[in-house]
Structure formats: structure tokens, C-alpha cells
Amino acid sequence: MIVLGIETSCDETGVALYSGEQGLLGHALYSQIELHALYGGVVPELASRDHVRKLLPMIRQAIDKSGIKLEDIGGVAYTAGPGLVGALMVGATVGRALAWTLGVPAVAVHHMEGHLLAPMLEPDPPKFPFLALLVSGGHSLLVAVGGIGDYQVLGDTIDDAVGEAFDKTATVLGLSYPGGPALAALAEQGDPGRFRFPRPMTDRPGLDFSFSGLKTFALNTWRESQGADRDRADIARAFEDAVVDTLRIKCRRALAETGLKTLVVAGGVGANKRLQARLAELMQAEGGRVCFPRPAFCTDNGAMIAYAGYRRLQAGQAENLSIKVQPRWSLEELTTAS
Ligand code: KG4
Ligand code: ZN
């Protein structure tokens, strides 16, 4: 079966075709970053309108590039949440309507399940069970994954998500939106020994995170500095080290508590090189394995939705004709699929 995957939960339009027999046939991505950069953040109404403009041409383009015909599509998967309601409605409406027109099943996919399963698109994919660290612009989750839909959230953020903390700190340092990758690049030039930022909530038991204090710490350090380029780079490095170290400590704790030996890292911040290196070291020391999706599948994309949808359709799941999206949706509400 070939599944068309559609992702429109935030500021990226993603489309992909996944075949159960041949794997990923093709994918297309359009980022709205330039559209929102002017405002310093995602403007929901502009995001929805741009998805309307881009989605259908991108579906046509993905089909043409994959060398298949529209009628070859055997199922349609769309992100139904969590995300911006208007943006989600665009993908859900197009996906549901297209499936009805083609006479094939449609399935609503949880965006974070898509992220969590993205490493399955790589060669030598991880095997269940595993621990997943999901770090994106909207989420910071540690999840014990027993199988598709068998998700136990072990830790969550009590305030900002990791990506949000990267973006806000980047703004403090005068970098343009979205600042995560720019801050990471700047940190490369920073001196790791000059400032030491706290490792929030690592001095007490538990697996929850808190990142908003780090942004404030960065702001105060920046104001007390000379405001020179060197200061900016050193603060970026201290911030990144603190985030990465905090995530490493919490992953190690979760591995010890669950006895799991495989760590999957996904979501936009999963593309961070220093995070990848430190978690690879951790898993080597633990005698386990770490899996990351390729950088393009760490951030939002259609391929992860096509894959998650394929697995759910294979298990017999499908939606009725109503179009429903869930801007807020816990991973733990999902049901298992074999
Ligand atoms: O998963 P994603 O594409 O969208 C959401 O579902 O939120 O994640 C986007 C987030 C942004 O906050 C962005 O700044 C961050 O991931 N990000 C990074 C890096 N690449 C993307 N943060 C740190 N280092 C990176 N290399
Ligand atoms: Zn995402």
C-alpha cells in the first residue's frame, strides 16, 4: 500500500509518499520561516493561509516526482494534532476529502507519534521497546515506548519546551527567528569555560524539565556583559551546554528507571549536533544504542506522518467521514496498534 502523508500543524507544509513494499518514494517540504520572521514568531492565520496556497501543488509535485499516479494511493494520513487549529484544518480537510474522492481510507496522525517513529525511516531502525526523547518547538517529552500507540510519558516540561527556550534565548542575543539553529552555530565559536549556567531540576528526583529559567539567566548574563560578539558566542555556548547536559542527565535517569537500552531522539532540537554527540557518548557508556532521524526528518516533515499513518492503516485504523482536529492532544490518549 502507498500512503500519502500530509503535515500542516505549524509553519511547515510537508508531503510524502510511503510504500509498505518500497519504503519512502518521495517527499516535499516548504518552510514558512521567511513569512513569519518579520513578526518574530509564527502568526497562526498567516500559517493557515499559506498551507492553503502550497498544499495541493506540493501533493501534485510529490506524486509526479515519485513516478506514481494519483490512483496508486491506497491511503491518506494527515496530522490531526497537536498544533495550530487553523493550520491543522487545512491538512485534515484536504487529506480527508482526497481520500473520499479516491475511495481509500484516511487516518488522523498524532504529530508527536510521527516524530517518535521518524527514526523508523532510516536504515537499521530501532526495535521496540525504547526510550524516546522528543524535543521540539512545542514539546519536551521523555516517553517509554512499548510499541505503536503504547506510550507512557515519563517526563514533560513544566514551562518552555526546549526548542522554545532555544528560540527565546536566540532573540535575547539578537539572532533572527527561529533562532535554534543560529544559536547552535554561534555556540560553536563560544568558550565553554567562561560562563556556567544551571542544570534546572537535576538536583531533585523526577524526570520533568524546566527551561524558562535558562532564558532569564541568559538575559541577565547578556545585560551584565559588554555586549560584544565574544560575549554573545560565550553565552550561546553556556546555554547550549546547560540544555544538552540537562537532557543527558534526565535521559540517563530514565534509562536507569526503566531498564531500557535504546534511546530514540526526535523533534527539531534532535538535529542539534552537540546534543547528538553527548547522547551518543551516554549510550556508549550505557552499552546501549542511540537512534536519530536524518536532520531533515528531525524537524517537521511529511515523511514521518506518511510512515505513522501507514502503520496505523495496516493495523486497520481509519477515520469516518467527519473531519476532526485536536490542537491539544496527549500521546497517552492514543490506542495501541499491532
Ligand atoms: O519539530 P520542529 O520542526 O517543530 C515543532 O514541532 O515544534 O522543531 C522546531 C524547533 C525550533 O524551536 C527550532 O529552533 C529547533 O527545533 N531547532 C534547533 C535546531 N534545529 C531546529 N534547536 C537547536 N539546535 C538545532 N540545530
Ligand atoms: Zn514537530
Side-chain angles (χ1 to χ4, degrees), residues 5-14 16 27 29-33 36-37 40-42 44 47 51 78-84 87-88 91 109-119 132-141 143 157 160-173 175-188 190 209 211-212 214-215 218 236-237 239-247 264-279 292-305 307-308 327-329 331:
I6 298 173
E7 156 62 36
T8 64
S9 67
C10 190
D11 59 347
E12 256 113 20
T13 317
H27 63 102
L29 188 78
Y30 176 79
S31 170
Q32 303 177 351
I33 280 176
H36 302 292
V42 178
H51 287 308
Y78 53 86
T79 305
L84 303 170
L88 290 167
V109 172
H110 191 293
H111 181 79
M112 298 314 289
E113 178 171 70
H115 274 306
L116 195 145
L117 297 178
L133 174 68
L134 299 180
V135 275
S136 69
H139 293 85
S140 309
L141 296 173
V143 188
T157 180
D160 291 352
V162 189
E164 192 180 358
F166 262 93
D167 295 339
K168 287 180 175 172
T169 303
T171 305
V172 163
L173 297 177
L175 306 172
S176 59
Y177 175 86
L183 191 147
L186 188 61
E188 287 307 300
F209 306 101
F211 292 106
S212 68
L214 284 179
K215 165 199 65 196
R237 177 63 194 260
F239 170 83
E240 188 183 58
D241 280 347
V243 171
V244 167
D245 205 31
T246 302
L247 294 173
V264 159
V265 186
V269 185
N272 183 278
K273 291 276 186 319
R274 201 173 307 281
L275 179 66
Q276 293 202 357
R278 294 304 302 275
L279 294 180
F292 308 94
R294 71 193 81 167
F297 293 169
C298 280
T299 45
D300 291 349
N301 64 87
M304 66 186 194
I305 304 304
Y307 178 77
R328 294 176 75 84
W329 190 4
L331 259 181

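Start at 1 and go down the list; that is how both ligands and their atoms are numbered. Note that this is a predicted model, so its numbers are computed, not measured.
Note on His139: not counted as a metal contact of the Zn ion (ligand 2), no N/O/S atom lying under 2.8 Å. Residue contact annotation: Cys10 places no N/O/S atom under 2.8 Å from the Zn ion (ligand 2).
Scanning Gly83, Gly268, Pro295 for the heavy atom closest to atom 20 (N) of ligand 1 points to Gly268.
At a heavy-atom distance under 4.0 Å, only side-chain atoms of His115, from C-beta outward, approach ligand 1. In Asp167, the part holding a heavy atom less than 4.0 Å from any atom of ligand 1 is the side chain.
Close contacts between ligand 1 and Gly138 involve ligand atoms 7 (O) [criterion: under 4.0 Å to a heavy atom]. The contact set between ligand 1 and Thr299, taken as ligand atoms under 4.0 Å from a residue heavy atom, comprises 3 (O). The contact set between ligand 1 and Gly163, taken as ligand atoms under 4.0 Å from a residue heavy atom, comprises 12 (O). Per-residue contacts place Gly137 under 4.0 angstrom from the following atoms of ligand 1 (heavy atoms of the residue considered): 5 (C), 7 (O), 8 (O), 9 (C), 10 (C), 12 (O).
Screening Glu7, Glu113, His110 for a side-chain hydrogen bond (donor to acceptor under 3.5 Å, both in side chains) involving Thr79 leaves a single residue, Glu7. Each of Thr157, Val243, Leu141, Leu247 was scored for a side chain to side chain contact (heavy atoms under 4.5 Å, CB included) with Val135, with one residue passing: Leu247.
In terms of modelled atom types and a separation under 3.5 Å, the side chain of Gln276 and the main chain of Lys273 share no donor-acceptor contact.
Taking atom 3 (O) of ligand 1 as the reference point, the nearest protein heavy-atom neighbour is Asp300 N, 3.0 Å. From the protein, the heavy atom lying nearest to atom 26 (N) of ligand 1 is Asn272 CA, 3.6 Å.
Inclusion of Gly180 in the set of residues having an N or O under 3.5 Å from an N or O of ligand 1 is warranted. No N or O atom of Gly267 sits closer than 3.5 Å to an N or O atom of ligand 1. Geometrically, ligand 1 and Pro181 share no nitrogen or oxygen pair separated by less than 3.5 Å. Taking only nitrogen or oxygen atoms, main chain and side chain alike, His111 reaches within less than 3.5 Å of ligand 1.
Taking the six-membered ring where tryptophan is involved, the planes of His111 and His115 are perpendicular, since the angle between them exceeds 60° and thus also 30°. Using the six-membered ring where Trp is involved, His27 and Phe297 have ring planes that are perpendicular, over 60° apart on the 30 and 60° scheme.
The existence of a salt bridge linking Glu188 and Arg274 is confirmed by a sub-4.0 Å separation between a basic side-chain nitrogen and an acidic carboxylate oxygen.
Nearest N/O/S atom of Asp300 relative to the Zn ion (ligand 2): this is OD1.
Geometry at the Zn ion (ligand 2): NE2/His111 and NE2/His115 form an angle of 90°, nearest 10 degrees.
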Should Phe239 and Phe166 be marked as a ring-ring contact (aromatic ring centres under 6.0 Å, His included) after you check the CA-CA gap, both sets of side-chain angles, and the distance that decides it? CA-CA 8 Å; Phe239 170 83; Phe166 262 93; 5.2 Å; yes

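Side-chain contact of His51 with Thr13: a donor-acceptor pair under 3.5 Å is present, judged by distance alone.
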